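Not measured: the values here are computed from a predicted model. Whatever order the structure lists ligands and atoms in, that order sets their numbers, starting from 1. Excluded from the calculations below are hydrogen atoms, water molecules and symmetry mates; all remaining heavy atoms, backbone and side chain alike, are included.
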Amino acid sequence: MAGLQPVRGTRDLIGEDQRRHAHVIDTARRIAATCNFDEWATPMFEDTRVFARSLGDTSDVVMKEMYSFTDRGGDSITLRPEATAGVCRALVSNGLTQSLPQKVFCAGPMFRYERPQKGRYRQFHQIDIELIGPAEPLADAEVIACGWDILSALGVARDAVLEINTLGDAESRAAYRAALVGYFTDHRHLLSEDSLARLDRNPLRILDSKDEGDKRVVAGAPAIATYLTADAARFYDSVKTWVGRFGVPFRENPRIVRGLDYYNHTAFEFVTTRLGAQGTVMAGGRYDGLVAEMGGPSTPAVGWAAGVERLSMLLAEPPAPPAPVAVIPVDAAAEAEAVGILQRLRGAGIRAEMAYRGNLKRRMERANRIGAAAAVIVSADEAARGVAQLKDLASGAQGEVALAELAGRLQRG
Ligand code: ATP
Ligand code: MG
């Protein structure tokens, strides 16, 4: 078994990496709760059909990134590449389509067969917000504002810009689609093979291409603004007004179409210049057709997903490593008392560790190595008198403390 490595595109999260990761998820969970979102956890794998149809068969994800396999029972299974389709499936499966709105927060691993690079992995993690039920533009703004609040709480909002666009309603899209087909057909000799395949089936998707040649063609493509119906334009204006009301700065970017098929009206991304080509940290939009695709009634919805790895990289200060209290019996005779003290500290919610190997010097060294903030030095004599020595390992100050007061003293820091 020598030389086993994690599978390409997967990572072990240990130490600071895990602290950053957990901090992003814990913060998002806390802020989502203040916006009154409930956490759901849906399965990490689903019937392939949950993703294949809903994401669109010309999307990058479905065309080349899905981890799909036939299980032992002969069913086609896919490791989830994103959360929204599974949440909508769950809404329908659990009979919640009549209990709207549902405000859902999720966090967990996603799987895409991509070319791994900085900020792009095959197993990555997302936090995710879905507001299912409301058709009002205020809902789009609330979802965006919750994302902004999370970025702010993480201290990364100043590095991120909200870019927003509309994909319009069905009528706007049909008109825009025709314009795009015309334009891209004129430039078809410059398009990548993937984009040629999209030309008939989903020309909007070409706008989202990462191919350099495609990008040059896309730069001259018509924008949707002139093809919007009055209703769609009004909806978009209203979203922008409410986003402003929530205090979220934004700029319009008519090139944002999002990579997945199920979006309509609002599309948005929070982007940063600090992560190179992997600059999108949070992305989403309105997807009024998806619940119906999952077999439910027509149900409006809006949401976003954010990459935990990319947010982790943006955190300025990694969360501090834990600073436990070290309980140090001076010799074997003091160990029984020390265990009692250890348990009392842990019972009081204090992170505590006992050093019990070697002589006193070795034990003190261990306390320093684990980054202990304080040491409780226990001898049998003193314990019999109901006291121990409390040493501040930063200042070196040491003094006697009554065992009954120890936890209280340490809790106050
Ligand atoms: P990209 O354009 O970077 O490929 P995407 O449009 O495929 O992103 P979404 O499906 O919208 O991404 O996912 C939402 C967010 O999840 C992205 O903005 C990004 O932060 C993160 N993300 C997506 N794919 C990966 C990946 N392979 N590794 C790490 N993070 C990812
Ligand atoms: Mg992608």
Close approach of Arg120 to ligand 1, heavy atoms, under 4.0 angstrom: yes
Taking only heavy atoms of Arg112, which atoms of ligand 1 are found under 4.0 Å from at least one of them? 5 (P), 7 (O), 9 (P), 10 (O), 12 (O), 13 (O), 23 (C), 24 (N)
In terms of relative ring orientation, are His189 and His187 parallel, tilted or perpendicular, with 30° and 60° separating the classes? parallel
Output the list of atoms in ligand 1 that are nearer than 4.0 Å to some heavy atom of Lys210, sorted by atom number. 1 (P), 2 (O), 4 (O)
Does Glu353 come within less than 4.0 Å of Arg366, counting only side-chain N to carboxylate O? yes
Hey, what do you get for OG1 (Thr266) to CG (Asp140), rounding to the nearest 0.5 Å? 3.5 Å
From the candidates Arg122, Gln126, Glu82, the one that places a heavy atom nearest atom 13 (O) of ligand 1: Gln126
Near Thr280, which atoms of ligand 1 are under 4.0 Å from a heavy atom of that residue? 17 (C), 18 (O), 19 (C), 20 (O)
Backbone or side-chain N or O of Gly307 under 3.5 Å from ligand 1 N or O: yes
Is the shortest distance from a Lys or Arg side-chain nitrogen in Arg20 or Glu16 to a carboxylate oxygen in the other one below 4.0 Å? yes
Any atoms of ligand 1 less than 4.0 Å from a non-hydrogen atom of Glu114? List them with their elements. 24 (N), 25 (C), 26 (C), 27 (N)
Please list, chain by chain and in numerical order, all residues satisfying salt bridge (charged side-chain N to carboxylate O under 4.0 Å, His left out) with Asp169, sequence neighbours excluded. none
